[in-house]
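Just so you know, ligand 1 is whichever comes first in the structure, and atom 1 is the first atom listed for that ligand.
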Amino acid sequence: MDRTESMKPLKLLNYAQDRWYGAESALAPVESALTGETIAMTGSGGLDFKAMLDHARDVGGPALRRMTFHERAWMLKHLANAVMARKEELYELSYSTGATRTDGWIDIEGGAGTLFSFSSKGRRELPNGRVLIDGAMEPLSKGGSFVGQHVYTSLQGVAVHINAFNFPVWGMLEKLGPTLLAGVPAIVKPASATGYLAEAAFRIMIEADILPPGALQLVMGGVGDLLDHLTLQDVVSFTGSAQTAMKLQTHPVIARESVRFIAERDSLNASVLGPDAAPGTPEFDLFVKEVAREMTVKAGQKCTAIRRAMAPAEHIDAVQEALSARLARVRVGDPREEGVTMGALASRAQLASVREAVQKLVEGEARIVSGDPDSTPSGNGFFLRPILLRTDDPWGSPAVHDVEPFGPVSTIMPYRDLGDAVALANRGMGSLALSLFTNDAAVAEEFVLGAGAYHGRMLILDRTSAGESTGHGSPLPVLVHGGPGRAGGGEEMGGVRGVVHYMQRTALQGSPAALSAVIGQWLPGAAKPEGEVHPFRRRISELDIGYTLKTASRTVTLEDIEHFAAFTGDNFYAHMNEDAAKASPIFEGRVAHGYLILSFAAGLFVDPDPGPVLANTGLENLRFQTPLYPGDSMRVELTVKSKSVRDEERGEVRWAVYVYNQKDEVVATYDLLTMNTP
Ligand code: NDP
């Protein structure tokens, strides 16, 4: 059913303490972006915000923290599948926000895709435990009995997500992915203008019955006194205007309790045509296409959209001509109609705000070269044709760097040389995304060094990557999204980086044994118990962390080295030329190949028959520390470092391997990875 076409406006519901709740008073109307008619009533009056926070802390948090990272990651996958299974319901509602099918795809399937990505990262890069290890063990004493290890554990509070109107589904899910993976419950507050779409996606997740009680709650209106009850264990993640961000960030409780505050705010993102990208080059065409695309996708209501397009002074006319021609082909209207390429702005307020911003740009020395802010292309909806502005004096037009028209609007401007382009890009005072169109690596290097510190993400586009590029404006779950200064100073996503925003890093100090037990990973210096049974004969469930096999030793002869060289073709001087080896600053004579040592090591520790060890899947952190000379002997200690069950059939064991010579000096160390039966 198209919920937006029902006769009566839809009454949006809050979800508090695991129950749906409709506010009885102070409901606000929400208009369709396509018709201007009231399609929903929204409000949160009567909600007990303190009780919601308590419920999340007392019920949702403990339940999520009992789960391992992998269990939470599976939960994200199931949530994403639930959204995908009912995506058409969401697309139908999405039209009323002014979105085209493509815009809806970014929001809905992009949102689900973000959950899939976090699920996959969680299962591949996080342990099947509750503690996340950060970096290597730090030796803190000569004797090795006192060491340090950084770890992350889940915050014990609530994540309050205050979302923007432009991507109601993606905006909700990109914050929920890392939050739930970290084991933290969330209270979601969508923007009112498009909240009906966020509510529908939220409802799908609740109805799928995947989450533990208390894990998710929803506020469909003002947040009342919620912020007054925040504590040091809570996080506020906000996307929206600088004004609101500042208001929330300076809330006395947030300041007093050091509540973590992540902000994504407005951003005057730049796109730069490289000095080498003259008209006629593929990079010039790509630049024009991308600027036009960023102006029109989602009617330009994207935090990452290109607001300032910079080109070498000699090419600015050509850019204007090509861009205007492209924009003239854009068809604005009801996105359900065949051939429409750009929909409406999300709300009446947004349309007014964009017109006001354009007025400020015009007053601030920019001139409109394409489009008309007063045009009303289609009916009573909130439509606006794309508006291209130009300034020929970018340093004398501060408004183009300070005013963000959050709609289908961009300003082109010339730059003198690369240094000028870098300075103009940085004049935005911090942005989420910058793109540079160049086929010259030296230009790219100079730009990154000059502008990197001002921009959260930089896309360097050329003819090689264009075909597969995800474009200027697409934040990706595996890359960080956020930017310094004006962009809010926040950072989200970026794979596991986004998860740790909802965790506390603690520097643990103690004995290797004590820290090993806490982190579920063997650390050098901790006990290495041996047993009768070869570790390759044990399933993962029967392998204790630290369980060790100490092998017999074998001598490595010159004949072995020559045989290995002939067999593999590796005749490197250090193995085959005694005089050259002696003359080297490292060796006293010919030495065994590192790969020979690894092969002999396997020969010493492998138990050959089929069993729980299914395959060798890799080797990490390999270091050769002491040369092995002909006549030396070697032996191996193989220790279970960590283990992780992936599913009912498979899991991974990480083994710490130490190869010693006859003087008990370490010849080589590495982590061996095997795929095992659980
Ligand atoms: P707002 O800052 O007004 O709203 C953003 C979110 O904050 C909404 O959920 C809003 O709820 C909520 N909010 C507003 N006031 C409060 C408050 N006092 N306490 C708690 N929550 C509050 O931004 P808009 O959505 O109106 O967009 C305005 C501008 O923000 C855009 O023109 C653009 O410049 C920028 N923006 C930036 C984005 C980015 O990703 N960087 C994305 C979207 C917008 P409610 O809707 O119910 O008022």
*Does Ser431 have any side-chain hydrogen bond (donor to acceptor under 3.5 Å, both in side chains) partners at least two apart in sequence or in another chain, and if so, which?*
His455

*Does Phe287 have any ring-ring contact (aromatic ring centres under 6.0 Å, His included) partners at least two apart in sequence or in another chain, and if so, which?*
Phe437

_Residues in contact with ligand 1, criterion: heavy atom under 4.0 Å_ = Ile162, Asn163, Ala164, Phe165, Asn166, Lys189, Pro190, Ala191, Ser192, Val223, Phe238, Thr239, Gly240, Ser241, Thr244, Lys247, Leu248, Glu264, Arg265, Asp266, Cys303, Gln350, Glu404, Phe406

*Can you list the residues that meet the ring-ring contact (aromatic ring centres under 6.0 Å, His included) rule with Tyr15, with sequence neighbours excluded?*
Trp20, Phe202

*Aromatic plane relationship, Phe406 with Phe165 - under 30° parallel, 30 to 60° tilted, over 60° perpendicular*: perpendicular

*asked:* Looking at Arg486 and Glu404, is any side-chain nitrogen of the basic one under 4.0 Å from a carboxylate oxygen of the acidic one?
replied: no

*In terms of side-chain geometry, is the basic nitrogen of Arg57 or Asp234 positioned less than 4.0 Å from the acidic oxygen of its partner?*
yes

